[in-house]
Amino acid sequence: MVIGRIVLVVLIVIGSVGVLYLLRGPLSWIFLALFLSVALSGPVTWLSKYLPRGIAIAVTYLVTFLAPLALLLAILPGIVNGVDHLLEGAPGMAADAQRFVQ
């Protein structure tokens, strides 16, 4: 009787883990949506004092998704210049490294 119960519990646990593994993609999206909705409820509530709620939601999500793009556009020229200088100086650095090794 006890062995049967243990086997049944082990099979249920294995089945549950298998189902969670199969649903990991949709569950990830659900948790991401839940996180975003909770995180953005404050700005939406604040903006809805001054704008209709639908427009407040649209503005909040637009700012949320455009902020990383603006940050990337602000950082990208520096990254490109740094890589350009690295590529221009690479032959000289390689020659210096060869001289140092010899």
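In this text, all values refer to a predicted model and were calculated from it rather than measured experimentally.
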Separation of Leu27 CG from Leu22 CG (nearest 0.5 Å): 10.5 Å
Side-chain contact test, heavy atoms from C-beta onward, threshold under 4.5 Å: evaluate it for Val17 versus Leu20 and give yes or no. no
Take a 6.0 Å sphere around CD1 of Ile3 and say whether it holds more than 12 heavy atoms from other residues, nucleotides or ligands. no
Taking every non-hydrogen atom, the tightest pair across Leu86 and Met93: CD1-CE, 3.9 Å
Where is the tightest heavy-atom contact between Ala74 and Pro77, given as atom of each residue plus distance? O-CD, 3.8 Å
Using 0.5 Å steps for rounding, measure from the CG atom of Leu23 to the OG atom of Ser28. 10.0 Å
Val63 with Ile55, same ILVMFWY side-chain cluster at under 4.5 Å: yes
Same cluster (ILVMFWY, side-chain, under 4.5 Å), Phe65 and Ile57: yes
Would a single hydrophobic cluster contain both Leu11 and Tyr21, if residues Ile, Leu, Val, Met, Phe, Trp and Tyr are joined by side-chain heavy-atom contacts under 4.5 Å? no
Between Leu66 and Leu69, does the side chain to side chain contact (heavy atoms under 4.5 Å, CB included) criterion hold? Intermediate values first, please. CA-CA 5 Å; Leu66 289 181; Leu69 181 64; 4.1 Å; yes
CG of Asp84 to CD1 of Ile79, rounded to nearest 0.5 Å, is 13.5 Å
When clusters are formed from ILVMFWY side-chain contacts under 4.5 Å, directly or step by step, what else is grouped with Leu8? Ile12
Side-chain heavy atoms under 4.5 Å apart, restricted to Ile/Leu/Val/Met/Phe/Trp/Tyr: what other residues fall into the cluster of Leu72, or is it alone? none
Residues joined to Ile6 in its hydrophobic cluster, side chain to side chain under 4.5 Å directly or through other members, sorted by chain and number, are Val2, Val10, Ile14
Treat each ILVMFWY residue as a node, draw an edge where side-chain heavy atoms are under 4.5 Å apart, and state whether Trp46 and Leu51 are in one component. yes
All heavy atoms of Ala56 vs all of Leu47, minimum pair found to be CB-CB, 3.6 Å
